[in-house]
Amino acid sequence: MKKTIVFLFVIIFIAQNLLAQETPSREYQIRYQEVMKQTQWWREARFGMFIHFGAYAVPGRGEWVKSNERLTTEQYQKYVDEFNPVDFDAKKWAKLAKEAGMKYAVLTAKHHDGFCLFNTNLTEYKLSKKFGGRDLVREFLDAFRAEGLKVGLYYSIIDWHHPDYPNVGNHPQRGDSAYTKRKFNWDNYLKYMHGQVEELTKNYGKLDIMWFDYSFPGYYGEKWKAKELVRMIRTNQPNIILDNRLEENSGVVANKRAISELGDFDTPEQGIPETALVDKYNNPIPWETCLTMNDVWGYSEQDKNWKTPELIIHSLVNCVSKNGNMLLNVGPDPRGNFPAECVTILTEVGKWMGKNGESIYGCGASTLIRQDWGRYTQKGDSIYAHWLYPVLGDINAKGIDTESVKNVLMLSSGSELETYKTWFGNKETGNLFVKVSKSPQKPNMLDTVIKIEMK
Ligand code: GLC
């Protein structure tokens, strides 16, 4: 018995090693390099704004209200009728995003409810039918581009309004047997969906990102005719980058997955992976955590569970310290205003980014191991020690080769900081204590960044 167990362990060990040694095919390597090249600007940008805007802002119970409350399209219509974003001012939104230090933005052109914010020719279920014929998506794109931000569109591949989209998954009419008996022409829906994506990628100038949402069991990949869809998008927009939600496991952190044709970056939602994401050959892969400022994506009147600017900055640093991006969401109110709390948070974050953005943009994981006081980010020879948590005494940038240190500065001011190598006679090697402040409180409660320049 014992021998059999040992034997089994040996077999497992050998198998694991064989798998680990598997080398990527040439095609895979080419695809990997292409993904890294296409996403380069985006990986350097690190911080973006997500905007969930639609008729669901009117009930103010989140963008899933139609599904959660199992509303029929007729019941939902009153919100569509009521939705009239008279205060919508794309320039104002763009300015807020820019001031917060964001480098790109992604807007919901169509969410699961199927109501389109863009002037599509394929349905009358669109905002531009009223709203003075204005195309909200076009105004968004123009204004954000004018501020120098990259632009992306979110497009829901599931549709709770289209008559040919069946009541599967979390459809509001799931379990409604009369609805189930209807005839659904799936090919017709695919034609509509592909057609809308064609409109978006052909008629709106250069798009930097297409953000699809989402696949689920039985509805992923070729069910959406994803290969054809992606081919069409890349023909219309050769430099565009795509999220991974046309694929199986969309949104799920599928660490060690293979990079595929259908998506360029992973999309963990409302959480940050433990470690930098890698493909099955241990190459770092692009990823982005999307995050709400309160608990839901669309506007909510009740949800006041706002994250603090401190938590948001810590989360951004956490992402960047693992080679990831952060896409922070705003759900504007039905009139088109950002909630006041969002503006306050964005302004605070922006102030910090203004002084410390250098430790975020173009940075990624450091070669140093993280310490109790916070996290490191790194860009070439510059290591950024982010002091996030209270500690006693000075922070120790342990693991740094002190002989190779050129300069240690407070990033926010550029002022030199004193360093020393031992404390209380402790002679252990590898320490680099940085004198920042005598108090265990950080000088900047959000995140104090120490820049360590190496020779
Ligand atoms: C989820 C939700 C959706 C939200 C998205 C953002 O898939 O269905 O409401 O838009 O996540 O990542």
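We count ligands from 1, going down the list as the structure has it; atoms in each ligand are counted the same way.
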*Asks:* Provide, to 0.1 Å, the distance between atom 10 (O) of ligand 1 and the closest protein heavy atom, together with that atom's residue and name.
*Replies:* His52 NE2, 2.5 Å

*Asks:* Tell me, which protein residue and heavy-atom name are nearest atom 5 (C) of ligand 1, and how many Å apart are they?
*Replies:* Asp213 OD2, 3.3 Å

*Asks:* In terms of atom number and element, which parts of ligand 1 are under 4.0 angstrom from non-hydrogen atoms of Tyr214?
*Replies:* 7 (O), 8 (O)

*Asks:* Got the closest protein heavy atom to atom 9 (O) of ligand 1, with its distance?
*Replies:* Glu63 OE2, 2.6 Å

*Asks:* Is any side-chain N of the basic residue among Asp266 and Arg245 closer than 4.0 Å to the acidic one's carboxylate O?
*Replies:* no

*Asks:* How about Tyr56 and Trp64: are their ring centroids closer than 6.0 Å?
*Replies:* no

*Asks:* With a 4.5 Å limit on heavy-atom distance, are the side chains of Ser128 and Phe118 in contact?
*Replies:* no

*Asks:* With no hydrogens and no angle check, just 3.5 Å: does a side-chain donor-acceptor pair link Tyr155 and Gln196?
*Replies:* yes

*Asks:* Short list, please: which atoms of ligand 1 are under 4.0 Å from a heavy atom of Cys290?
*Replies:* 12 (O)

*Asks:* Quick check: Trp211 and ligand 1, any N/O pair under 3.5 Å apart?
*Replies:* no

*Asks:* When you measure from atom 2 (C) of ligand 1 to every protein heavy atom, which one gives the shortest distance, and what is it?
*Replies:* Trp64 NE1, 3.4 Å

*Asks:* Does the separation of the ring centres of Trp93 and Phe338 fall below 6.0 angstrom?
*Replies:* yes

*Asks:* Less than 6.0 angstrom separating the ring centers of Tyr219 and Trp186, yes or no?
*Replies:* yes

*Asks:* Return the residue, atom name and 0.1 Å-rounded distance of the protein heavy atom closest to atom 1 (C) of ligand 1.
*Replies:* Glu269 OE2, 3.3 Å

*Asks:* Is the shortest distance from a Lys or Arg side-chain nitrogen in Arg61 or Asp303 to a carboxylate oxygen in the other one below 4.0 Å?
*Replies:* no

*Asks:* For Tyr154, counting its heavy atoms only, list the atoms of ligand 1 lying under 4.0 Å from any of them.
*Replies:* 10 (O)

*Asks:* Test your reading of the structure: does Arg245 have an N or O sitting under 3.5 Å from an N or O of ligand 1?
*Replies:* yes

*Asks:* Does the separation of the ring centres of Tyr204 and Phe140 fall below 6.0 angstrom?
*Replies:* no

*Asks:* Taking only heavy atoms of His111, which atoms of ligand 1 are found under 4.0 Å from at least one of them?
*Replies:* 3 (C), 4 (C), 9 (O), 10 (O)

